[in-house]
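First the structure, in the form of structure tokens, and then the observations on it.
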Amino acid sequence: MWGGRFVEEPDPRVAALLTSLPVDRHLLRWDLLGSLAHVTSLAEAGVIPPLPAADLARALREMLAAADAGTLALNDGYEDVHSLIEATLASRLGGATAGWLQTGRSRNDQVVTAFRLDVKDRIRRLVDGVTALQGILLTRASQVTDVLIPGYTHLQKAQPVLLAHHWLAYFWMLNRDVGRLRDAFRRVNVSPLGSGAIAGSGFPIDRARQAALLGFAQISENSVDATADRDFAFEVTAAVAGLLVHLSRWAEELILWTTQEFGFIALPDGIMTGSSLMPQKRNPDLLELARAQAGGGLGSVVTLAVMLKGLPLGYNRDLQEDKAPTLTAFRAAEMATAALHLVADRMVVQRERMAAALRGGFLTATEVADYLVRRGVPFREAHRLAGRVVLAAEAARCDLWELPLEAYRNVSPRFEADVLQAVTPEGAVGARDVPGGTAPGRVAQALEAARATAVIQRAWLEQVRVDQQAAEARLLEAVPV
Ligand code: ARG
């Protein structure tokens, strides 16, 4: 394969060490599209004769159809997916025809073209999955707008919040994850094709047209940069890892909430796992695995950063190690997203347990202090007096809204009968009436805002899907016949 410069056959032990085929076989369809765009622009520029161009395009189209149908044989024993495609073309068309394909192109611009196309598609599919998960969150949140739970800080009961408010927190976390993925998408969406090995193609190909035929929004500015950097993979993987960190927090919380100690939600048998030894056990393995996925995602970020660190320009074979960690991160995120989707869809809210948890922890003590502030007591003094009320309730073994008004008035004469309503969980939640707060009216507005955000997100997804489809249709129209 390496041509006339080589006088010795490759050492048979080398191939297995060099090969990236087990990983980059996932780039098959994207590399075929890249090759089709390349042949098209070579033909359009009159760089290669019409006949080999048409033969190459036909064979590549057949291979693309077979690849999409999953019927293209992917024999091992090639160095990478690019050599596999070249060898397949040679065996179908003969070396004289197939030999035109690599004109003015290197595997260096080829591989990063295919990789960018693949990453774009993976971002779209992942955002699609996250959007669906957010949809479930919205559905579940809108079913429980009347349910209160303790909000926790330091995992100690803090203040009552609406369950819907609590779940919407995850919606906005996921919304930022999607924002980071979409932002990264813009920087992935750049065509490196035509950069050659390092210096740019030696032939007058129309790079902008190639980019359009592949669905890239723009072309790279510098051939050395385009072939040597993989910061887009690092950036996307970091965004994916951020998503995984969020999903692991939610998974952990759901695990906690399914314990007998919390019991805030129940999960049906169908999504639980048993023990091979303990007959009574029902375990949330699905959530535990979702929680664990963050490790693979974060590991991938480090792998990519260290791969790039200190690497001299331009292309180095180190860069072949870009695909496996990127794939690992996406797979981890797909698993965690799907697992949480399933759990969020099937979990059963245990309203009585949530209501019971609002008792006993004096969660509305802040409200006692705020009540006094509204009647002219400086907050620090109000805080001290509210502490006395808590002590009184503790001694009386009752909740703050059950303490007799007399006990309140013993602490401060400013307390009136309406304090007993103000210090109920409902009173406390209703008083948090600021944008972003947990008052029911605010949460209803937040649900609306979240729904509107989800609509915009779905429109983006649809646009990306349609753009790619249109580009592929244009490409298949344009190929030489
Ligand atoms: N499999 C290689 C990769 O993933 C393709 C590029 C090889 N280029 C080279 N100059 N050896 O990076």
Side-chain angles (χ1 to χ4, degrees), residues 1-6 8-11 13-35 37-38 60 63 67 72 74-90 98-99 101-122 188 190-202 214 220 222-234 236-237 300 303-330:
M1 164 177 190
W2 306 123
R5 170 70 176 80
F6 279 68
E8 188 195 331
E9 286 300 307
D11 187 318
R13 292 167 296 185
V14 165
L17 301 175
L18 280 181
T19 186
S20 56
L21 198 53
V23 175
D24 62 26
R25 62 201 311 151
H26 297 286
L27 299 184
L28 185 62
R29 97 173 291 274
W30 307 114
D31 207 44
L32 289 166
L33 285 176
S35 293
H38 180 61
L60 285 166
M63 287 169 73
L72 192 67
L74 282 169
N75 303 323
D76 291 336
Y78 293 98
E79 195 182 328
D80 51 31
V81 68
H82 323 297
S83 14
L84 177 139
I85 292 174
E86 209 177 325
T88 309
L89 287 171
L101 178 65
Q102 211 62 357
T103 310
R105 184 175 73 162
S106 156
R107 283 185 300 162
N108 294 356
D109 59 344
Q110 183 181 356
V111 67
V112 69
T113 300
F115 188 31
R116 282 175 180 269
L117 287 171
D118 181 56
V119 169
K120 278 177 61 178
D121 193 53
R122 287 181 194 278
V188 180
V190 177
S191 174
L193 203 56
S195 297
I198 179 165
S201 177
L214 289 171
S220 56
N222 180 297
S223 60
V224 183
D225 175 35
T227 47
D229 208 355
R230 296 292 185 273
D231 59 345
F232 70 89
F234 168 71
V236 168
T237 305
S300 294
T303 303
L304 287 165
V306 176
M307 177 195 77
L308 289 169
K309 185 210 163 285
L311 209 58
L313 295 179
Y315 177 87
N316 296 269
R317 191 62 177 260
D318 308 51
L319 296 174
Q320 176 166 291
E321 297 298 309
D322 56 358
K323 290 161 218 76
T326 308
L327 201 65
T328 299
F330 273 105

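Atoms within each ligand, like the ligands themselves, are counted from 1 in listed order.
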- Worked verdict on Ser83 versus Asp80 for side-chain hydrogen bond (donor to acceptor under 3.5 Å, both in side chains): CA-CA 6 Å; Ser83 14; Asp80 51 31; 2.6 Å; yes
Are any of the N/O atoms in [X] less than 3.5 Å from those in ligand 1?
| X | result |
| --- | --- |
| Asn108 | yes |
| Arg230 | no |
| Asp322 | no |

- Task: Identify which one of Val188, Leu117, Leu327, Thr326 satisfies the side chain to side chain contact (heavy atoms under 4.5 Å, CB included) criterion when paired with Arg122.
- Result: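 It is Leu327, the one option of Val188, Leu117, Leu327, Thr326 that forms the side chain to side chain contact (heavy atoms under 4.5 Å, CB included) with Arg122.
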- Task: Find all atoms of ligand 1 within a distance of less than 4.0 Å from any non-hydrogen atom belonging to Ser20, and give their numbers and elements.
- Result: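 That gives atoms 1 (N) of ligand 1.
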- Query: Numbering the atoms of ligand 1 from 1, which are under 4.0 Å from a heavy atom of Gln320?
  - Reply: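 What qualifies from ligand 1 is 1 (N), 2 (C), 3 (C), 4 (O), 12 (O).
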- Query: Counting only heavy atoms, which portion of Glu79 has something under 4.0 Å from ligand 1: side chain, backbone, both, or neither?
  - Reply: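 For Glu79, there is no contact with ligand 1 at all, from either part.
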- Side chain or backbone of Arg317 under 4.0 Å from ligand 1, or both, or neither, by non-hydrogen atoms?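 Within the 4.0 Å criterion, Arg317 contacts ligand 1 through side-chain atoms alone.
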- Should Leu28 and Leu32 be marked as a side chain to side chain contact (heavy atoms under 4.5 Å, CB included) after you check the CA-CA gap, both sets of side-chain angles, and the distance that decides it? CA-CA 6 Å; Leu28 185 62; Leu32 289 166; 4.1 Å; yes
- Message: I'd like to know if the side chain of His38 and the backbone of Thr103 have a donor-acceptor N/O pair within less than 3.5 Å.
- Response: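 At least one qualifying donor-acceptor pair exists.
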- Check: Arg29 side chain, His26 main-chain N or O, donor-acceptor pair, under 3.5 Å: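 The answer is no, because no donor-acceptor pair under 3.5 Å joins these two groups.
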- Check step by step if side chain to side chain contact (heavy atoms under 4.5 Å, CB included) holds for Leu311 and Leu319. CA-CA 9 Å; Leu311 209 58; Leu319 296 174; 3.6 Å; yes
- Query: Are the charged groups of Arg105 and Glu86 less than 4.0 angstrom apart, N to O?
  - Reply: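 The answer is no: the pair does not qualify as a salt bridge.
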Looking only at protein heavy atoms, which one is nearest to [atom], and how far off is it?
| atom | answer |
| --- | --- |
| atom 11 (N) of ligand 1 | Arg107 NH2, 3.3 Å |
| atom 7 (C) of ligand 1 | Tyr315 OH, 3.4 Å |
| atom 4 (O) of ligand 1 | Lys323 NZ, 2.6 Å |
| atom 5 (C) of ligand 1 | Asp80 OD2, 3.5 Å |

- Query: Is there a side-chain contact between Asp121 and Trp30 (heavy atoms, below 4.5 Å)?
  - Reply: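 They are in side-chain contact.
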